[in-house]
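Convention: sequence-line order gives letters A, B, ...; per-chain numbering from 1.
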Number of protein chains: 2
Amino acid sequence: MTPDPYGVRPDSAVRRPASIKDVAAAAGVSPTTVSHVLSGNRPVNEQTAARVRSVVNRLGYVPASLARSLQAGATSVIGLLIPDISNTFFAELAKGAEDAAHDLGYGMILCNTEFDADREDRYLGMIRSRFIDGMVYASGSPPSRRRLEALMGKFPIALADEEVEGLEGALIATADHEAGGRLVGEHLRQLGHRRALMLTGPRALKSSVARAQGFVRAFRGEVVERVGDFKEASGHRLVARLLEEGGLPCTAVFAANDLMAFGALTALTEAGLSVPGDVSVVGFDDIRAASLAHPPLTTVHQPAYDVGRTATAQLLQYVSRGEVPPASRHTLPVELKVRGSTAPPAR
Amino acid sequence: MTPDPYGVRPDSAVRRPASIKDVAAAAGVSPTTVSHVLSGNRPVNEQTAARVRSVVNRLGYVPASLARSLQAGATSVIGLLIPDISNTFFAELAKGAEDAAHDLGYGMILCNTEFDADREDRYLGMIRSRFIDGMVYASGSPPSRRRLEALMGKFPIALADEEVEGLEGALIATADHEAGGRLVGEHLRQLGHRRALMLTGPRALKSSVARAQGFVRAFRGEVVERVGDFKEASGHRLVARLLEEGGLPCTAVFAANDLMAFGALTALTEAGLSVPGDVSVVGFDDIRAASLAHPPLTTVHQPAYDVGRTATAQLLQYVSRGEVPPASRHTLPVELKVRGSTAPPAR
DNA sequence: ACGGTTGTGCAAAACGTTTTGGATGCCTAG
DNA sequence: CTAGGCATCCAAAACGTTTTGCACAACCGT
């Protein structure tokens, strides 16, 4: 139907990249043959193949991955949905995810939502329009169950550091928050502490609750709880208020994340108390600043990298096979980093 | 040629997503009409349009963006090439880039290279295979000029925080490193310091050299230079060695980045010197830990977010127009953050 | 001379869109 | 009665690949 189907078009004004047809025409073969030479999918006569390869080099031909993906029905690209890449936890997680994707030849689109639901929706649209083969979901907040349920099952999605109860058929990778709390509890108990202040995160976050539960169980002492919001200011405020109200009811403070721990530390120092001389302080996360602070902070190292890597590996395992994923959950180990902010209590 | 061109296929075992043909068939129109209804590209009779829309909803039809991109000749996706997303500087930069891309309806593929040349090459391949419409390049090391030259001019590339001399037609966004050094010089001079130790980064990095030059020019005092490698250990080592060799020849230390400043700070403290009582310390970058450290570090805030955002905006401005970009360079302002690690010199 | 195998390469369909040039029918103005 | 305009829709080409069935020739052993 088309005239001169594989012929070279007359020079056009705008230089368009060489296509497989151009290569075929210049080498005097059909596009089929070129494809086979490049993919090795079927044997081709060595002389012909050499001729094709030489033309490929001369024209600088690179196959259009779009067309390839269209034909293949998959793009070899996945998405990573997180709230804030400038948060070191998610940056580490992203690094792990990217590594896993790269290992299997996948690209990864960064979907930074800023906790914005519209933005999240727009990114989830990429999976419905099949521009990405799957999504690693780490929204950082109690995820909207409805939104997820509409997608999971129909599309490949893996949850990283998210808890969605009662969701069947889910791929989940998460840190062992409960064990983290337990480690801190044991550490403080062994040092001789018997009364502690626990600064928790929001009650709605399962990870935060798990940290507190683990701690209380292992510490087996008197624990006063105060609810914070994971920000430095809240740690400062909660501790400062207790100090005003007549002194700390404890010899140790366990904050559910490092930022609140820093806030607590500042408040203590301002009140003339020394850390760890008068009070021990423990955080959670092991962010970069933890080891740089003075004193360096005893804290629980979260395997953010491994969480990202594991969730992505799980996702890709099924994406690449095109199967429907059975439910599976990976709980990754945490590690207590004992540094300078903890010591036996003063008598 | 094809029998029953728009007919619905008999039920197949595997449920494939609805295509525009399925919608057309179910609505009793041609795919052309469906396309026009959805895009508004040409007027369609309102009754027909309503019918089509209802079918679209019923079937849950979402256009395949791959096919759309193939036809359009562009994917609305760009790449961001950086060495290490877990470095807060690049994380901030990535955030700015992602914001800019999202604003213009573009997706962004995260290309984390880990300083690995092969990995970088593989990612650059995405642009040659036209899977991405452009690339924001922030390799974090003196970039291989050859590799870049082969691509720039042929493909849309913008440089973020990179210097490539003599490269024509380049889009560049970078922080004003020279001004940053100058600000530190003026600050220390005003405090009364006359003798300073400067810990520089690698000589091969233009940004590092610019910081030192700006400092030396503005300080107008005696400056001892030592070359480090931007890592904490090197700051510690260089200062510790000077202390052993008979004391510091200065009242202030300017490190070309915050990590080295922390190293210096630790070395000073270990030697029994107080900061800023005996020696003032200044860093560069304003990483998260800078404000959390004790004492909080005086440093130069780098507009990492703006660098990423500006480079990406520049790139997209031209990508979306399909024009060849003329050279343009944006030098973004830095800001001196005066904190607790600087004070007038002791007499 | 014949059926079978092997090596080689091509045609055509398929992936799912958008775009463009008509075709059709109807209405209106001359 | 006709030329033109308008509203509505469709057919077919195009984007650039991969895949599959087939054609053709050459060679083999019988």
Just how far, in rounded Å, is [atom2] of [N] from [atom1] of [X]?
X	N	atom1	atom2	result
A:Gln71	D:dG16	CD	P	15 Å
A:Leu66	C:dT17	CG	P	14 Å
A:Glu46	C:dT8	CD	P	10 Å
A:Lys21	C:dA12	NZ	P	13 Å
A:Arg42	D:dG21	CZ	P	9 Å
B:Ile20	C:dG16	CD1	P	11 Å
B:Leu59	C:dG16	CG	P	14 Å
B:Leu70	D:dA13	CG	P	17 Å

task = Check the pair B:Thr32 / B:Arg42 against side-chain contact (heavy atoms from CB on, under 4.5 Å), numbers first and verdict last.
result = CA-CA 10 Å; B:Thr32 306; B:Arg42 276 195 188 177; over 6 Å; no
message = When you measure from the side-chain N and O atoms of A:Asn41 to the phosphate of D:dT19, is any distance below 4.0 Å, counting only OP1 and OP2?
response = yes
task = Ignoring backbone atoms, establish whether A:Ser30 has a side-chain N or O less than 4.0 Å from OP1 or OP2 of C:dC10.
result = yes
message = Is a donor from one side chain sitting under 3.5 angstrom from an acceptor on the other, for B:Ser328 and B:Gln314?
response = yes
message = Reading DNA chain C from 5' onward, which residue's closest nucleotide shows up sooner: A:Thr33 or B:Pro63?
response = A:Thr33
query = Which part of the nucleic acid, if any, lies within reach of B:Ser35 when heavy atoms closer than 4.0 Å are counted: base, sugar-phosphate only, or nothing?
reply = base
If you check the [X] side chain, which of [options] turns out closest?
X	options	result
B:Val44	D:dC9, C:dG16, C:dC10	D:dC9
A:Thr48	C:dT8, C:dG16, D:dT18	C:dT8
A:Ala67	C:dT17, D:dT17, C:dT19	D:dT17

request  = Apply side-chain contact (heavy atoms from CB on, under 4.5 Å) to B:Thr312 and B:Arg309, showing your working.
outcome  = CA-CA 5 Å; B:Thr312 306; B:Arg309 183 167 191 110; 6.0 Å; no
message = Closest-nucleotide mapping onto DNA chain D: is B:Thr32 or A:Arg68 further toward the 5' terminus? I mean the 5' end.
response = B:Thr32
Salt-bridge criterion met for A:Asp121 and A:Arg128 (N-O under 4.0 Å) = no
request  = Test B:Ile109 against B:Met126 for side-chain contact (heavy atoms from CB on, under 4.5 Å), laying out the working first.
outcome  = CA-CA 10 Å; B:Ile109 292 196; B:Met126 301 189 79; 3.6 Å; yes
